[in-house]
Protein chains: 2
Amino acid sequence: MPTMSDVAAEAGVSVMTVSNVLNDRPKVGAATKLRVLDAVERLGYEINLTARGLRSGRTGTIGLIVPRFDHPYFGELAAKLAVALAATGRHLSVEQSNASPESEREALSQARLATYDAVLLSVVGLHYDDVDRLRTSKPVVLLGEQQMPPRFDHLQLDNETGAYLATRHLIEGGARKLLMIGGGDEGFPSMSTMRTVGFERALREAGLQGSVRPIIRYEPADARVAVAERLRQDPGVDGVFAITDQVGIGVLAGVRDAGLRVRDDVQVVGFDNLAFGEHIDDGLSTIDPSHDWVVSRVVELIDRRIAGEQLPPQHLTSPATLVVRGSTRLPG
Amino acid sequence: MPTMSDVAAEAGVSVMTVSNVLNDRPKVGAATKLRVLDAVERLGYEINLTARGLRSGRTGTIGLIVPRFDHPYFGELAAKLAVALAATGRHLSVEQSNASPESEREALSQARLATYDAVLLSVVGLHYDDVDRLRTSKPVVLLGEQQMPPRFDHLQLDNETGAYLATRHLIEGGARKLLMIGGGDEGFPSMSTMRTVGFERALREAGLQGSVRPIIRYEPADARVAVAERLRQDPGVDGVFAITDQVGIGVLAGVRDAGLRVRDDVQVVGFDNLAFGEHIDDGLSTIDPSHDWVVSRVVELIDRRIAGEQLPPQHLTSPATLVVRGSTRLPG
DNA sequence: GTGAAAGCGCTAACAC
DNA sequence: GTGTTAGCGCTTTCAC
């Protein structure tokens, strides 16, 4: 592999001039620039990013750490982030934290975080203390619904409003006996707790009772079993709020398993607006988490942090909006 | 951030001894080792992976380059790969190539490939020439269905057999007028070409005619429109082979859009065995691509390549097996 | 078993 | 505009 010195020798200039050309630094003569680029071409030279990173302290790469690669929520977010970051000349690299306890520790180690210019950390599944232990000189932006140490920038959804809108929509469509799958008060402000608060607020406003069925994993299979079981015990249920669309897909299946019709017998709303929701049955109504909004804010924020701007930790909440599809009735 | 010299000073040893301890090199005295680890602890030292990488040429990280983060096929594969690599002490970093033409060029640049110990390149959407241009000193393993330069290691599915099994299963369930959505002969051995060959072989064996409806993007929305349109033109169709499960989800919706019942009127089989297929409708029958087999082979292969073993380029084909769910009938 | 010297390939800082 | 010097933090090599 040729190095910068090889290019310098080939072009008859110093390595600094080569570096200046390759980094588009302004103070290079046009003729020199051409000679350098020519030499680069002839030798097939490409820069050594590791060496650049060691010397300059910058890598041009942003890290995104997600719990799992195979959850569509992160896939969809990551895809949008990658596009937005590419537009500002940065590069996104995604790691999975939850492969094993060791790999989680490793993914969150200062050593690995330091290989990025900034780190976006999806904190699903991480606890306050895991995150509070983080020591890094690089900017860290937290994404997710847990309560987290306030010294970090943190973006989250408006979980409570989203759950409220979903539940009110079920009620406006005529549901009178509601069930939330995947909810429960965890005793601290988690995603589950906050969505449950929104669910219960909408019930209270309407003067209705509802029930909450927690599940351990937000997986379709678990939700499917849970909802079918509950519908058999409690046949009057006519509206289900699924804590996520993944859970929602299981709820749709569980409603069928119980011998009931989605929408006509039991309305269903999810949360996340995953792409596949549009095509399941007659469409799964859901809450859109405004990924584009989140992505724009994140990109702005890391730009400013990487530029070294000092601003207090940002705690931002993205809007949640209702998306109506065939699993619910319109009001009236 | 403390460096290795700081640790050496703190422990009263040389940097080399610190390095030897941290890398578990055998020739360190037990007492010295303790003193070093103690100093590491006290200073909160963590190694600088960039410096290590520059000097040693190894990073401990494997790169996986996929076209899109938001396609569940890659998410599911990446999740399994991450777990398998973690077990051998390596680390997986995933990049998206198709965010834009520039980001694709960048993701495939020698410069970026060189930051990994080995690169797994998912070649969906890349052409022979894109890949043939790759120059890198690091091992590259290709994953995907295109025909590719034989100098690379390459793992692919048994597309033809998979498509054949899917189609034969439709026929055994009673389908007599078959349609393939997303097929077509592209004139070279692509995924589409090979799956179409398998489809047509099964038809020929059964003495049946079938038709093939190409689509541009393998997206549910496109497939949905295509299949509904075709079913209206051609009402006798009673079996659809969808080129992927993503397409299959659109086919299920399109069958309903056309006023027909999945399975009773139109049997449907997909390909990929994505996780969500189990819970859509009564389940989407599909072809399983043996991700676990692929993952094992890939991990073995890169272990040997990274160890510097010289072996001819490996071209491996993973088995394809049928998974029967509610979108098709069992024979008889 | 431990340490000294050299250098991986680049860029920051500054001299000219 | 261009070149020189120094050094980022580590590992390789080799001496003891």
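Chain letters run A, B, ... following the sequence lines, proteins first and then strands; every chain starts at 1. Scope of the values below: all heavy atoms of this structure, side chains included, with no hydrogens, waters or symmetry mates. All figures in this text were calculated on a predicted structure; none of them were measured in a lab.
Taking a 4.0 Å limit (strictly below) on heavy-atom distances, residues 19-26 of chain A does not reach DNA chain D anywhere. Contacts between residues 33-45 of chain A and DNA chain D, defined by a heavy-atom separation below 4.0 Å, involve no residue at all. Residues from residues 4-18 of chain B that place a heavy atom under 4.0 Å from any atom of DNA chain D, listed by number: B:M4, B:M16.
A donor and an acceptor atom, one from each side chain of A:R25 and A:S19, are located under 3.5 Å apart.
The residue from B:R58, B:R90, B:E95, B:H91 that alone fulfils the side-chain hydrogen bond (donor to acceptor under 3.5 Å, both in side chains) condition with B:Y116 is B:E95.
Scanning DNA chain C 5' to 3' for nucleotides with an atom closer than 4.0 angstrom to a non-hydrogen atom of chain B gives a first and last hit of C:dG1 to C:dG9.
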Ignoring hydrogens and angles, write down the donor-acceptor pairs under 3.5 Å from the side chains of residues 29-36 of chain A, residues two or more places apart or on other chains.
unit_1: A:R35; atom_1: NE; unit_2: A:A11; atom_2: O; d: 3.2
unit_1: A:R35; atom_1: NH2; unit_2: A:A11; atom_2: O; d: 3.2

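The closest side-chain heavy-atom distance from A:L155 to A:W293 is below 4.5 Å.
Map B:S56 and B:K27 each onto its nearest nucleotide of DNA chain C; the residue landing nearer the 5' end is B:K27.
Between D:dT2 and A:T32, a contact under 4.0 Å exists linking OP1 or OP2 to a side-chain N or O.
Listed by chain and residue number, B:E104, B:L126, B:H127, B:R133 satisfy the side-chain contact (heavy atoms from CB on, under 4.5 Å) test with B:D130 (two or more places apart in sequence, or in another chain). Legend: residues meeting side chain to side chain donor-acceptor pair (under 3.5 Å) with A:T317, ordered by chain and number and at least two apart, are absent. With sequence neighbours left out, the side chain to side chain donor-acceptor pair (under 3.5 Å) criterion links B:E145 to B:N159. Looking at residues two or more places apart in sequence or on another chain, you find a side chain to side chain donor-acceptor pair (under 3.5 Å) between B:S93 and A:S93.
Identified under the side chain to side chain donor-acceptor pair (under 3.5 Å) test for residues 43-57 of chain B, with sequence neighbours left out: B:N23-B:R52. Residue pairs meeting the salt bridge (charged side-chain N to carboxylate O under 4.0 Å, His left out) criterion with at least one partner in residues 108-126 of chain A, sequence neighbours excluded, are A:E106-A:R112.
Here the shortest heavy-atom pairing between B:V83 and A:Q96 reads CG2-NE2, 4.2 Å. A:S318 approaches A:L157 most closely through the heavy-atom pair OG-CD2, 3.3 Å.
Residue contacts for A:T50: at a heavy-atom cut-off of 4.0 Å it reaches no nucleic acid atom on any strand shown.
The main-chain N or O of B:Q314 is found under 3.5 Å from a side-chain atom of B:D153 such that the two form a donor-acceptor pair. At distances below 3.5 Å, not a single donor-acceptor pair connects side-chain atoms of B:S190 with backbone N or O atoms of B:E186. Of the possible donor and acceptor atoms, none in the side chain of B:T59 sits under 3.5 Å from a partner among the backbone N and O of B:G53.
Computed from C1' positions of five pairs at each end, the angle between the two local axes of the helix from C:dG1-D:dC16 to C:dC16-D:dG1 equals 30°, rounded to 10 degrees.
As rounded to whole Å, 15 Å separates atom C1' of D:dC8 from atom CG of B:L49. Rounded to whole Å, atom P of D:dA6 lies 13 Å from atom CZ of A:R55.
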